[in-house]
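Order of the sequence lines sets the chain letters (A, B, ...), proteins ahead of strands, with each chain counted from 1.
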Amino acid sequence: MEALLAELREFLTKEFPAWRAKWQDSDTWEAKLDWQRTMAGGRWTTATWPEEFGGRGLGTMEMLAIEDVVAQYGAPQIPGMIGVKNVAPTLMRFGNEEQRKSVARIANTDEFWCQGFSEPGAGSDLASLRTRAVIDGDDFVINGQKVWTSNGMYATHMQLLARTDIDAPKHKGISAIVVPINTPGLEVRPIKQINGGAEFAEVFFTDVRVPVANLIGPLNEGWNVTMTTLGHERAGVAVFAGRLEQRIRNLIEDVSKKDTPVSPVLSDGLAEHYVESRVLGMMGRQMLAKIADGVAPGSESSVIKMVWSELSQRVDTTVMELAGVDGITGDDNAAKSGYLTARSATIAAGTSDIVKNIIGDRVLGLPRD
Amino acid sequence: MEALLAELREFLTKEFPAWRAKWQDSDTWEAKLDWQRTMAGGRWTTATWPEEFGGRGLGTMEMLAIEDVVAQYGAPQIPGMIGVKNVAPTLMRFGNEEQRKSVARIANTDEFWCQGFSEPGAGSDLASLRTRAVIDGDDFVINGQKVWTSNGMYATHMQLLARTDIDAPKHKGISAIVVPINTPGLEVRPIKQINGGAEFAEVFFTDVRVPVANLIGPLNEGWNVTMTTLGHERAGVAVFAGRLEQRIRNLIEDVSKKDTPVSPVLSDGLAEHYVESRVLGMMGRQMLAKIADGVAPGSESSVIKMVWSELSQRVDTTVMELAGVDGITGDDNAAKSGYLTARSATIAAGTSDIVKNIIGDRVLGLPRD
Amino acid sequence: MNTSTTTAAERADFRASLRDFLSDTSPESRVREVIASESGLDEATWRGLASDLGVAGLLIPEEFGGQGMGMAEMAVALEEAARAIAVVPLLASGVLATIAIQLADDASANADLLPGLANGSEIMTVALLDGGGVTTTARDENGWSVYGSKTAVLNANIAQRILVVASTPTGTGLFLVDAKASGLVITPQNSLDLTRPTALVTFEGVAATRIGSEFSESLNALNAFGRIAVSAELLGMSEKLMEVAVEYAKTRVQFGKPIGAFQAIKHRCSEMFAHVESMRAAVGSAALVDPTDSVGLHEQALVVKAYCARFAPWVAEATIQVHGGIGFTWEHCAHLYLRRVKTDEILFGDALTCRYQLQQLLGLTA
Amino acid sequence: MNTSTTTAAERADFRASLRDFLSDTSPESRVREVIASESGLDEATWRGLASDLGVAGLLIPEEFGGQGMGMAEMAVALEEAARAIAVVPLLASGVLATIAIQLADDASANADLLPGLANGSEIMTVALLDGGGVTTTARDENGWSVYGSKTAVLNANIAQRILVVASTPTGTGLFLVDAKASGLVITPQNSLDLTRPTALVTFEGVAATRIGSEFSESLNALNAFGRIAVSAELLGMSEKLMEVAVEYAKTRVQFGKPIGAFQAIKHRCSEMFAHVESMRAAVGSAALVDPTDSVGLHEQALVVKAYCARFAPWVAEATIQVHGGIGFTWEHCAHLYLRRVKTDEILFGDALTCRYQLQQLLGLTA
């Protein structure tokens, strides 16, 4: 591990200032893509990929350590996270030979992927999706609509989930299909959010034709293919837990340095956040240690997701409270936009209600409604 | 109103010291019954009853004012509240000539009534009760079990709800029946609660026979008869709201007199309780004013019940927190037993979950599950 | 301003006419247009409210062209205007400026200023919150000058004149300045609330007219009326949000049922209802308090604001939660309300601040 | 006491053997018998735990007849004993007295006292909380005497000797007194917790042996270990209560379904689970902290206690709520747990107190 991190530090010490010099203060998409290419060149974004795919074959603990070091250097997060973390592992496991060629292109941003999962009629209820893909000769003909597609505005390709057998029960009859974004009949529209940003898109399909060869994995098995991908996402919550813990430490340090002390009630509230985030961090580290020991994580990821989303939302509310008048005038713009953005924490990637259903049904074995 | 309260004060000034002198510090059942007889003699417990039944025909606002004055004198609450407030009005409205004779006896404690509603299989789900009453000649033959019967240990009579038509839908086919407690086949067992008290009983019926003439109101219409009774109980929540408001004022006054100030966080918590109880009190007074204006209360009673039960439970938790070590050693026994007793606030007379269902279904018109 | 004398039925009629008017002139589409234009004023709606419906002059005595009403009637107007998130300076001009002038108890200022406010022809605002350091005044042979800055000044960009609360050598005073006066700079802020722009107003020796004499006790009353007013707005917005959430819960189907059939959603809606009914009781009660009973006014205003500032944000956040992703979009109305709710939460002190003042009243803290 | 060296798998085996043993010897019916007898000690269970399973001596070095283990192993024992609400003085004697003596760092006291504690033949307790005024000591030619009173002394009625933390002319000391000593009065209290009686212990010049020297730093460590220990108990009880609630939710039918199908109940159970898993992570982490790292020990102990003291009562109260009326009866086990949970909440500082100390560590307050 030490050698690895030393190599990383050497890499960053050389490459990060060079990148900064090239792009200055630019916060543009091109600058971020260039950083991803730089990191991919050092096999750092793909460190957990198997070596045959250009990765380093590392485990989650090492990846976490790598992310920590990167954060210390103040380098930006790579923009193509969904492709690198979710799509590429799916293609490695389920993709055909042609599809697997995308893996390397995902790493260096020659391809930029999004995932077409959520639909207007199936927000938290992923299994009831209605976008259809009908086989017509050698093609799928796709009609329907996706919503909340992260990075939809920038993507070159989509990993689409569409219904290929309408008679099968909800979780069955769904297939995963590669759809190039420039396919005729496909239209992408940005979704403006309450914080003014547009990180998501709606995607409309009108008689979109792609070859049947674009199927990922077996026909009608898209649910399993997807769950594999989501499984990767779930392990990531442990990383989120650690980041939230650190964020609260930083917040408390900032508050403690203020000239005028905050109210004892707010101060106690910060201590409450601290306690919960410390415990969340302990849970996250224990989950990562389990993964590192080769034990498949059980219910921890759902619990961490539930606690994380509610706590992180409360922290942003507290930051807004601490800002007081400066929050509503925008003089403390970070507090204001953080508060608005945090409204999605208990909604995105499964609402808190759904996560509680999952824990109740699958973990505790309570009767389904 | 002024004349009425002057009469009450005169009555209490004379009678309360006399009763105290007679019973000294006794907290016994007999002493309480005697106080109820004294109050009934002045037509004070029955002030809201129509004059034809020995009442004063007063409204809820006057009753509230009466209760306030009684409380100022430090007189105890009457033990036969269920009979006076719930059963007697039901008998006045639905009872036959014979049954109406009970009304006067209820006031002066010659009869002491309980209500047999809840069952082991139907706690919050009153309409699914299973105790059966089968007509056999001139008798009902009753078999089944009741639970959570308030004052069941002291009662002479029960207003029983039993199923008389098993084929009818849940709310139908239920009848209200008068059952003297000394009827053969009826057995009462106290329920010991977590606070060590036993204000409730289980009542078992084994081939209990009572005349069909004991039916209250029409056969199979017991649900409506019961709802009338519960309606009276619901208006009472406004009185509860006012009492809770006063209780929090008293608590804050006690705390503010302490030598050592409480933590700013606890102090803020008390202010939080104060705010909520003040608002609850405003809601209660507005509801009573509506009733006084002859407007039937709408959803207010459910809202007040929901807010009252959750707030009063939190207040008892706060009192326990304020007691600290003295709460767990029993040196502050009031805090300890108040905390334990309060666990039932969100359970008794419809759990908070059920009240929220009722508001959602009946008030907001949300789809039933 | 007077004690309210209307009956509940009369206020219900008034509410119905306001709701009719606002649903015609200030639908959400109109609100979005005005917001996009960044003028910060929906002129047609303001003219209708002010002149036709007499809302701007509700709190102004009839002798000065107003309606001679009290807070109970104004609370209805504030609830309805906030329910429609109307882009009008009702709080700033019709409530705060109007009340501040009357509290200053200056006969000639009343006669000079109230008629213009009553018919809505003049818009004023009150600069209350110091924007760093204390706002001070100096007096010389030419009269008073104001120095300092005020933040979060509501609708400053459209006010013709601004009332400023500033310290004097002997205490606190209320001062009137022209919005175009030399030395006065209005810097629009990146306000959270899109329907009611705020600004930083700086004063570098701005010529001012003093209104009345010592204002410190009046300032307490002004803050109390401000608390009741924003609480009425919070009630109006919460009620609307609850209705939107309940309607969505009835129609949106997931897992084969309308989501309102699920207890998690149903109970959240029931709790919203309980909070809205509680706010209604509290605002109704506080708005009817005798305006000359300074102790009762102070206490009730703190109670109602402490309640509404705590639970209206809860209702707004719960509305987004009930809607899921769609509630998080710019196109959905929820965020327009959330922004204004969070702003009202802070104005005149958030729940914690109000509770702290209650603790002082209750003897819980020194 | 040592740093824990067992593996997670070894601790799981230890847990299984404890659970087997306790389900045999300390079923709820047995607990109720012992409670009714008011002896406050289930002798058979204590003997089995102490001698056969070596639990009383877990934290005692092998040279004094103990197991030479650390807090990770003791946490398992505390969780399991609390899960079974066993009526044994494990916390008082096996943890607090055992640790206090070792922290005092007095070789002869270790040799004299630890062997009796290790095999459970002697029961001790620690008198920590002043019962009004400060507990003081005086020294003359006959040795030390203790004056004052201590409240909430766990299991004082069955302890042979009592360790007393009392002030000395120069600081704080740890003193040993005989429970039958002249001038010592044990008054049983009307304790909330029926499984672990507390007493008021008064000292009117009770002859005492001082153990070690200055104890104030050791007292901090003792409090930290106490926090971890009661947190382990809170975890064990919360886990059991959650299981009881989930089981009831699966079987109790209302409105035609098992109540666990209703989201209000289901989500409450899911939240219980989340809190139990969080407590497990926190206790597991705190119990593995290096006992010689006083800063880390202090911080982790405060975090784990602040968490468990806040959420274990929530779990216990939610368990009653899930059960409805039946959960409010004497016959149901819930209240036996609730009483002990609320007691553990207070011991070594409730959540608010722990958070206050954390604020000090974090520089949030002076």
- Message: If I measure from the heavy atoms of chain D, does A/V355 come under 4.5 Å with its side chain, its backbone, both, or neither?
- Response: neither

- Message: So for D/F273, is it side chain, backbone, both, or neither that comes closer than 4.5 Å to the heavy atoms of chain A?
- Response: side chain

- Query: With a 3.5 Å cut-off and no angle check, do the side chains of D/T353 and D/D350 form a donor-acceptor pair?
  - Reply: yes

- Task: Considering only NZ, NE, NH1 and NH2 on the basic side and carboxylate oxygens on the acidic side, decide whether A/E272 and A/R314 come within less than 4.0 Å.
- Result: no

- Taking atom types as modelled, is there a side-chain donor on A/T318 or A/H273 under 3.5 Å from an acceptor on the other? yes

- Message: Looking at D/R15 and D/E73, is any side-chain nitrogen of the basic one under 4.0 Å from a carboxylate oxygen of the acidic one?
- Response: no

- Task: Sort out for me which of D/Q263, D/E271, D/E277, D/K257 touches chain A most, counting heavy-atom pairs under 4.5 Å.
- Result: D/E271

- Query: What residue in D/A261, D/G284, D/A8 has the most heavy-atom pairs under 4.5 Å with chain A?
  - Reply: D/A261

- Message: Assess whether a salt bridge exists between D/R340 and D/E345, defined as any Lys/Arg side-chain N lying under 4.0 Å from an Asp/Glu carboxylate O.
- Response: no

- Look at D/K266 together with A/D361 and state whether they make a salt bridge at an N to O cut-off of under 4.0 Å. yes

- Considering heavy atoms only, which positions within residues 287-306 of chain D lie below 4.5 Å of chain A? D/E299, D/Q300, D/V303, D/A306

- Answer yes when A/E253 and A/K257 have at least one side-chain N-carboxylate O distance shorter than 4.0 Å, and no when they do not. yes

- Message: Tell me which of these, A/S267, A/G360, A/G365, A/S352, has more heavy-atom pairs under 4.5 Å with chain D than the rest.
- Response: A/S267

- Any Lys/Arg nitrogen of A/K356 or A/E310 sitting under 4.0 Å from an Asp/Glu carboxylate oxygen of the other? yes

- Within 45° of the six-membered ring axis of A/Y339 and under 6.0 Å from that ring's centre, is NZ or CZ of A/R343 located there? yes

- Between D/L364 and chain A, which part of the residue has a heavy atom less than 4.5 Å away: side chain, backbone, both or neither? both

- Message: At a 4.5 Å cut-off on heavy atoms, which part of A/M283 comes close to chain D: side chain, backbone, both, or neither?
- Response: both

